[in-house]
J.: 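My questions will all concern the structure given below.
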Amino acid sequence: MLHPVQLFKTLSDETRLSIVMLLRESGELCVCDLCTATGESQPKISRHMAILREYDLVVDRREGKWIHYRLSSHIPAWAAGVIDTTWNCLREDVRERLKSVAPGKC
């Protein structure tokens, strides 16, 4: 079970917070889309995704050589509320970042 301290430590990293907000807005993104939207390298995004998976905040699925991520449906309600509230504060910035992403172009 996710503990509040784990959630806040995880989301205190700007890259991980950006990833969670992007997934909250878009539903699902592949690694290449996350790299484009955050301006980070694939190895860095993959390292952060491993941390998010470790705390069951995201789930993945493989499609060919690409891995697609989405927020887990098993996130506790209180944690989903924190994510939603944060997204409400950051949604314009998140939407602006997603404009750089061309889904399906991997």
J.: Using a 3.5 Å distance criterion without hydrogens, assess whether the side chain of Arg16 forms a donor-acceptor pair with backbone atoms of Thr10.
T.: yes
J.: Look only at the side chain of Ser46 and the backbone of Pro43, and say whether a donor-acceptor pair between them is shorter than 3.5 Å.
T.: no
J.: Does Arg97 form a side chain to side chain contact (heavy atoms under 4.5 Å, CB included) with Ser18? I'd like the steps, not just the answer.
T.: CA-CA 9 Å; Arg97 284 178 177 238; Ser18 293; 3.7 Å; yes
J.: Given the rule that I, L, V, M, F, W and Y join up when any side-chain heavy atoms are under 4.5 Å apart, are Ile45 and Leu98 in one cluster?
T.: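 Yes; tracing contacts between hydrophobic side chains, which count when under 4.5 Å, links both residues.
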J.: Does any non-hydrogen side-chain atom of Leu2 lie less than 4.5 Å from one of Asp56?
T.: no
J.: Is there a chain of hydrophobic side chains (I, L, V, M, F, W, Y, each step under 4.5 Å between heavy atoms) that links Val58 to Trp87?
T.: yes
J.: As an exercise, state the distance from CD of Glu63 to SG of Cys30, rounded to the nearest 0.5 Å.
T.: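 If we round to the nearest 0.5 Å, Glu63:CD and Cys30:SG are 9.0 Å apart.
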J.: Applying side chain to side chain contact (heavy atoms under 4.5 Å, CB included), name anything that partners His3, two or more places apart in sequence or on another chain.
T.: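 Val5, Gln6.
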J.: Taking the side chain as C-beta and beyond, is there a heavy-atom pair between Leu11 and Thr86 under 4.5 Å?
T.: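 SC-SC contact between Leu11 and Thr86 ruled out.
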J.: Answer with yes or no whether the hydrophobic clustering places Val59 together with Leu22; edges join I, L, V, M, F, W, Y residues whose side-chain heavy atoms lie under 4.5 Å apart.
T.: no
J.: Is it true that a side-chain atom of Asp33 and a backbone atom of Leu29 form a donor plus acceptor pair closer than 3.5 Å?
T.: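 Here the side-chain-to-backbone pair does not exist.
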J.: What's the shortest heavy-atom distance between Pro4 and Trp78, and which atoms?
T.: CA-CH2, 3.3 Å
J.: Among all residues two or more places apart in sequence or in another chain, which pass the salt bridge (charged side-chain N to carboxylate O under 4.0 Å, His left out) test with Glu25?
T.: Arg95
J.: Between the main-chain N or O of Val82 and the side-chain N or O of Thr85, is there a donor-acceptor pair closer than 3.5 Å?
T.: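 No: the side chain of Thr85 does not pair with the backbone of Val82.
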J.: Are Tyr55 and Leu23 linked, directly or through other ILVMFWY residues, by side chains that come within less than 4.5 angstrom of each other?
T.: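 In one cluster: yes.
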J.: Over all heavy atoms of both residues, which pair between Ser100 and Ala37 is shortest? Give the atoms and the distance, please.
T.: OG-CA, 3.9 Å
J.: Checking side chain to side chain contact (heavy atoms under 4.5 Å, CB included) for the pair Leu90/Leu17: CA distance, chi angles, key distance, verdict?
T.: CA-CA 10 Å; Leu90 300 175; Leu17 178 62; 4.2 Å; yes
J.: Given side chain to side chain contact (heavy atoms under 4.5 Å, CB included), test Met49 with Tyr69 step by step and report yes or no.
T.: CA-CA 9 Å; Met49 296 313 295; Tyr69 292 96; 3.3 Å; yes
J.: Working to the nearest 0.5 Å, report the span between CE of Met21 and CG of Asn88.
T.: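 CG of Asn88 is found 9.5 Å from CE of Met21.
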J.: If every non-hydrogen atom of Met1 is compared with every non-hydrogen atom of Pro76, which pair is closest and at what distance?
T.: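 Here Met1 and Pro76 meet closest at SD-CG, 4.4 Å.
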J.: Stepwise, does the side chain to side chain contact (heavy atoms under 4.5 Å, CB included) test hold for Asp60 with His68?
T.: CA-CA 5 Å; Asp60 60 24; His68 297 263; over 6 Å; no
J.: Applying salt bridge (charged side-chain N to carboxylate O under 4.0 Å, His left out), which residue pairs with at least one partner in residues 39-49 are found, sequence neighbours left out?
T.: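 Output for this query lists Glu40-Lys44.
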J.: Measure the CD-CD1 distance between Glu14 and Ile19 for me, rounded to the nearest 0.5 Å.
T.: 11.0 Å
J.: Could you tell me which non-hydrogen atom of Ile75 sits nearest to which non-hydrogen atom of Leu57, and how far apart they are?
T.: CD1-O, 3.5 Å
